[in-house]
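The structure appears below as structure tokens.
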Amino acid sequence: MSQLAVSSTADMLSKQRQFFASGQTRSIEFRIEQLQRLKQAIRSAQPRVLKALADDLSKPSFEAYTTELSVTGEISQTLKHLKRWMKPKGVGVPLPFLPASAQIYPEPLGVVLIIGPWNYPFQLTMTPLVGAIAAGNCAIVKPSEIAPKTSEAIAELIDQTFAAEYIAAVEGGVETSQDLLSQHFDHIFFTGSTYIGKVVMEAAAKHLTPVTLELGGKSPCVVEANVNVDVTAKRIVWGKFLNAGQTCIAPDYILVNRKIKPELLTALKAALKDFYGDDPKASPDFGRIVSDKHFQRLSKLIGGHLVVGGQSDAAARYIAPTIIDQVSPEHPAMQDEIFGPLLPVLEYETLDQAIAFVNARPKPLALYFFSNSSRDQNRIQQETSSGGLCFNETITHVAISDLPFGGVGQSGLGAYHGKTSFDTFTHYKSVLKKPFWLDVPVRYPPYEGKLKWAKKLLG
Ligand code: NAD
């Protein structure tokens with residue numbers, strides 16, 4: 001049980017405020033020590049977390065290591081650069097304001113709230129926490145109740161690693177989340193759906209609390225005719241069916257050049273067979289749907305020209321990897337983010353049409369473009385907008401710590417990972433320092449006769 005089950009969130013917040021005010025979280029030594037403790041705790045908790053992820057999502061250990069427990073790599077990266085990130089940066093002072101020095105001083109925000117989703121429940125609460133700690137904040141973490149075993153494992157890990165007045169975990173569902181959101185935090189970091197993102201932003205507005213919103217949406221995968229079809233198919237199938245399609249940056253649908261569609265469909269089917277065998281249900285490498293509610297939701301989207309898949313088993317919350325061809329924009333699977341193992345395929349004739357299709361919809365979290373033409377890659381880069389963009393690849397941009405990760409428009413607000421996480425949880429304070437020894441009187445009233453000097457000095 002989490003520390004907070006026994007005390008109110010308001011109490012906990014007030015204790016964290018006191019602890020933050022003590023100044024202890026600010027020193028580099030403290031931050032490094034806490035990050036090291038967290039890294040060690042994650043290493044020790046590995047078996048527990050793997051089991052929890054298997055229970056909640058049937059997540060294969062390989063996927064759990066590479067996509068969730070790999071947060072220890074983010075900690076190592078942060079430890080390596082933290083000293084440099086924390087250094088105040090001097091900036092130049094223009095002549096009229098001399099003598100003076102000016103610097104940008106990174107200061108922690110205070111007490112922050114991190115609300116996580118269920119699909120990568122461990123990584124998506126721990127990675128923001130790394131940023132919050134690195135930047136010198138206290139934090140309350142609320143993992144998703146939809147992945148209950150992982151939520152429990154996260155709460156236990158945090159309880160055992162940190163004092164509650166510094167970092168605390170609160171377990172619970174919507175009510176707990178709303179209770180937390182009614183409090184005054186210094187920053188709210190939310191990962192979840194676009195719909196709840198709006199609820200979070202509205203609650204934050206009451207306290208004028210800044211937010212980072214890591215949201216979702218439909219991430220298109222555009223495939224041109226001049227690609228290596230087998231490699232393209234493998235990369236799409238991998239990105240789509242990882243975690244049974246429950247990935248915020250999974251290719252949501254394929255938009256393929258009509259000329260290459262038959263070949264691509266054949267290659268997609270072959271890749272599925274290579275990865276998961278003839279019966280994906282029997283494969284230890286294919287996950288399950290997180291809950292009955294999501295199983296029901298996804299089941300309603302299956303229909304039309306099935307190229308492969310379509311089978312399901314409610315008791316096991318299994319939905320086979322499914323590819324649907326000849327999909328129109330009116331198909332049920334094209335209305336909202338799919339977030340499951342269903343891959344609709346739509347076609348286009350010209351790249352102009354594909355670009356227009358993407359641009360007619362909300363800005364996606366990720367856009368994938370498979371093409372051998374640098375000219376067309378440049379067109380996509382310049383003529384579309386998305387949180388992230390990969391050429392001839394899916395998903396892996398998220399793993400590159402130096403690339404800011406976040407959405408744009410409906411897919412999110414703000415970003416994190418690596419230095420960007422530090423920035424997200426930091427206030428960059430502008431500091432100007434002047435000595436007493438020279439006090440140029442030109443700025444003081446009376447102004448008579450001084451305007452010509454002001455014009456000269458300030459340009
Ligand atoms: P969700 O929005 O339903 O829930 C996220 C969190 O919000 C949970 O902790 C939940 O308890 C809380 N919550 C739910 N309803 C609430 C309410 N009414 N008021 C306050 N809090 C509430 O999202 P989810 O189903 O856990 O995750 C799936 C969504 O998250 C997808 O849209 C996916 O694309 C998105 N996602 C985005 C990223 C990203 O990095 N951008 C990563 C993973 C998931």
Side-chain angles (χ1 to χ4, degrees), residues 2 9 56-57 67-68 71 74 113-128 131 140-148 150-151 154-155 169-183 185 188-204 206 211-219 239-240 242-252 289-295 297-298 335-340 362-367 386-388 395 397-399 403-417 420-421 424:
S2 100
T9 50
D56 286 334
L57 288 143
T67 63
E68 303 250 24
V71 65
E74 176 85 4
L113 173 63
I114 296 167
I115 300 180
W118 54 260
N119 60 333
Y120 291 86
F122 190 76
Q123 199 255 114
L124 294 175
T125 43
M126 287 299 153
T127 305
I140 294 181
V141 176
K142 212 271 320 151
S144 172
E145 74 284 9
I146 312 290
T150 315
S151 171
I154 291 169
V170 189
E171 282 192 86
V174 174
E175 275 177 28
T176 308
S177 200
Q178 286 171 346
D179 174 36
L180 285 162
L181 287 170
S182 69
Q183 312 290 331
F185 285 89
I188 298 172
F189 189 103
F190 171 81
T191 306
S193 59
T194 299
Y195 180 74
I196 304 299
K198 292 178 187 171
V199 173
V200 170
M201 196 161 176
E202 204 176 325
K206 296 211 170 82
V211 289
T212 302
L213 302 175
E214 295 285 336
L215 309 177
K218 291 179 93 60
S219 295
K240 176 70 191 189
L242 182 78
N243 203 26
Q246 302 163 112
T247 303
C248 57
I249 47 172
D252 188 89
I289 305 307
V290 72
S291 67
D292 293 337
K293 192 175 137 205
H294 282 280
F295 178 88
R297 177 184 65 78
L298 287 161
Q335 306 316 306
D336 281 314
E337 180 182 10
I338 295 172
F339 223 55
K363 293 180 180 181
L365 184 57
L367 176 59
S386 55
I395 306 277
H397 61 302
V398 69
L403 285 178
F405 182 77
V408 56
Q410 298 281 302
S411 59
L413 198 162
Y416 71 134
H417 287 189
T420 314
S421 289
T424 288

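Both ligands and their constituent atoms are indexed starting at 1 by order of listing. Note that the numbering runs from 1 along the sequence shown for the chain. We use all heavy atoms of the structure for the numbers below, so side chains are in, but hydrogens, waters and symmetry mates are not.
- Remark: ligand 1 atoms within the under-4.0 Å shell around heavy atoms of Trp118 are 24 (P), 25 (O), 26 (O), 27 (O).
- In Thr191, the parts holding a heavy atom less than 4.0 Å from any atom of ligand 1 are both the side chain and the backbone.
- For atom 2 (O) of ligand 1, a protein heavy-atom neighbour is present inside the 4.0 Å cut-off.
- Nearest protein heavy-atom contact of atom 28 (C) of ligand 1 is Phe339 CE2, 3.6 Å.
- Taking both residues in full, the closest heavy atoms of Glu171 and Ser151 are given as OE1-OG, 2.9 Å, listed atom of the first, atom of the second, then distance.
- For ligand 1, one of its N or O atoms has an N or O atom of Ser177 under 3.5 Å away.
- Minimum heavy-atom separation, Ile289 to Phe295: CG2-N, 3.5 Å.
- Taking both residues in full, the closest heavy atoms of Cys248 and Phe339 are given as N-CE1, 3.7 Å, listed atom of the first, atom of the second, then distance.
- Within the structure, the closest approach of Ser144 to ligand 1 falls below 4.0 Å when heavy atoms are considered.
- Of all the listed residues (Pro117, Ser151, Pro143), Pro117 holds the heavy atom that lies closest to atom 27 (O) of ligand 1.
- Shown in contact with Lys142 at under 4.0 Å from a heavy atom are these atoms of ligand 1, numbered in order with element: 8 (C), 9 (O), 10 (C), 11 (O).
- Remark: minimum distance from atom 35 (C) of ligand 1 to any protein heavy atom is reached at Gly192 O, 3.2 Å.
- The two residues Val211 and Ala204 make their nearest non-hydrogen contact at CG1-CB, 3.4 Å.
- Looking at Glu74 and Ser421, their side chains come closer than 4.5 Å, going by heavy atoms from C-beta outward.
- Close contacts between ligand 1 and Gly216 involve ligand atoms 32 (O), 34 (O) [criterion: under 4.0 Å to a heavy atom].
- Residue contacts with ligand 1, taken as heavy atom pairs separated by less than 4.0 Å, involve Leu181 solely via side-chain atoms from C-beta onward.
- Ring-plane geometry between Phe405 and His417 is classed as parallel, the angle between the planes falling under 30 degrees on a 0 to 90 degree scale with a further cut at 60.
- Within the 4.0 Å heavy-atom criterion, neither part of Thr176 lies near ligand 1.
- Within ligand 1, counting atoms from 1 as listed, the ones closer than 4.0 Å to a heavy atom of Gln178 are 17 (C), 18 (N), 19 (N), 20 (C).
- Ligand 1 lies less than 4.0 angstrom from a heavy atom belonging to Leu365.
- For atom 16 (C) of ligand 1, the closest heavy atom belonging to the protein is Ile196 CG2, 3.6 Å.
- Rounding to the nearest 0.5 Å places OG1 of Thr247 at 11.5 Å from CG of Asp252.
- Between Phe190 and ligand 1 there is a heavy-atom distance shorter than 4.0 Å.
- Per-residue contacts place Glu337 under 4.0 angstrom from the following atoms of ligand 1 (heavy atoms of the residue considered): 31 (C), 32 (O), 33 (C), 34 (O).
- Considering backbone and side-chain atoms together, Tyr416 places no N or O closer than 3.5 Å to any N or O of ligand 1.
- Within ligand 1, counting atoms from 1 as listed, the ones closer than 4.0 Å to a heavy atom of Gly116 are 5 (C), 6 (C), 8 (C), 9 (O).
- Atom CG of Leu215 and atom CZ of Phe190 lie 6.5 Å apart (nearest 0.5 Å).
- In plain terms, the two heavy atoms of Val71 and Thr127 that are nearest each other are CG2-OG1, 3.4 Å.
- Taken from CG in Leu413 to OG1 in Thr212, the straight-line distance is 7.5 Å, to the nearest 0.5 Å.
- Residues Val170 and Leu180 have side chains in contact (heavy-atom distance under 4.5 Å, counting atoms from C-beta outward).
- Considering backbone and side-chain N/O of Val174, none are found under 3.5 Å from N/O of ligand 1.
- The distance from ligand 1 to the heavy atoms of Leu124 drops below 4.0 Å at these ligand atoms: 42 (C), 43 (C).
- At a 4.0 Å heavy-atom cut-off, ligand 1 touches Leu215 through the backbone alone.
- Nearest residue to atom 36 (N) of ligand 1 from Cys248, Pro128, Gly172 is Cys248 (criterion: closest heavy atom).
- Atoms CG and CD, on Leu365 and Glu214 in that order, are 7.5 Å from each other to the nearest 0.5 Å.
- When all heavy atoms of Glu145 and Val174 are compared, the closest pair comes out as OE2-N, 4.1 Å.
- Taking OG1 from Thr191 and CG from Asn119, the interatomic distance works out to 9.0 Å, rounded to the nearest 0.5 Å.
- In this structure, CD on Gln410 lies 5.0 Å from NZ on Lys198, to the nearest 0.5 angstrom.
- Near Glu145, with a cut-off below 4.0 Å to any heavy atom, the atoms of ligand 1 are 10 (C), 11 (O).
- For ligand 1, the polar-atom distance check finds an N/O of Ser193 within less than 3.5 Å of one of the ligand's N/O atoms.
- Using a 4.0 Å heavy-atom cutoff, Phe405 is listed among the residues neighbouring ligand 1.
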